[in-house]
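Just below is one structure, and these are the notes that go with it.
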Amino acid sequence: MEVLDFEKLKTGLHTTLLSRIDLEKLSSVDDGKARRAVATMIQEIVGAQNVPLNAMEKDRVETDLLDEVFGLGPLELYCGIQLYRTSW
């Protein structure tokens with residue numbers, strides 16, 4: 001049985017996610033609502049692909065992908081700060 005390559009899996013999920021997101025519509029929605037919508041989409045994609053992930057792995061995939069879409073990606077882990085957008 002092949003060992004699951006977590007980073008390869010995330011890359012595939014990220015590609016699928018980006019193909020389904022309407023970035024223009026997403027930018028017009030408040031951040032909390034947008035994050036919840038994208039989190040739901042991630043859960044649906046993971047479920048549809050029947051990838052054998054435990055709850056901790058699913059949570060990590062969701063967190064990582066949300067960080068990539070809304071934040072600094074893998075740098076979020078090291079920043080330890082919450083970034084807020086401001087309009088000028």
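Side-chain contact check for L26 versus F70: some heavy-atom pair is nearer than 4.5 Å. The shortest distance between side-chain heavy atoms of V51 and E57 does not fall below 4.5 Å. For the pair L17/V38, a side-chain contact is recorded, criterion being any heavy-atom separation below 4.5 Å from C-beta on. Looking only at side-chain heavy atoms (C-beta outward), D64 and H14 stay at 4.5 Å or farther from each other.
Between the OG atom in S28 and the CG atom in D22 there is a gap of 8.0 Å [rounded to 0.5 Å]. I45 contributes atom CD1, which lies 10.0 Å from atom OG1 of T15 (distance to the nearest 0.5 angstrom). The structure places OG1 of T63 at 11.0 Å from CD of E68, a figure rounded to the nearest 0.5 Å. Atom-to-atom distance recorded for L53:CG and L13:CG is 8.0 Å, nearest 0.5 angstrom.
In the hydrophobic cluster analysis, where Ile, Leu, Val, Met, Phe, Trp and Tyr join through side-chain heavy atoms closer than 4.5 angstrom, L23 is grouped together with L66.
Taking the charged nitrogens against the carboxylate oxygens, E7 and K10 do have a contact shorter than 4.0 Å, which makes a salt bridge. Between R35 and D31 there is no salt bridge, since none of the side-chain N atoms of the basic residue sits less than 4.0 Å from a carboxylate O of the acidic one.
With sequence neighbours left out, Q43 forms a side chain to side chain donor-acceptor pair (under 3.5 Å) with E62.
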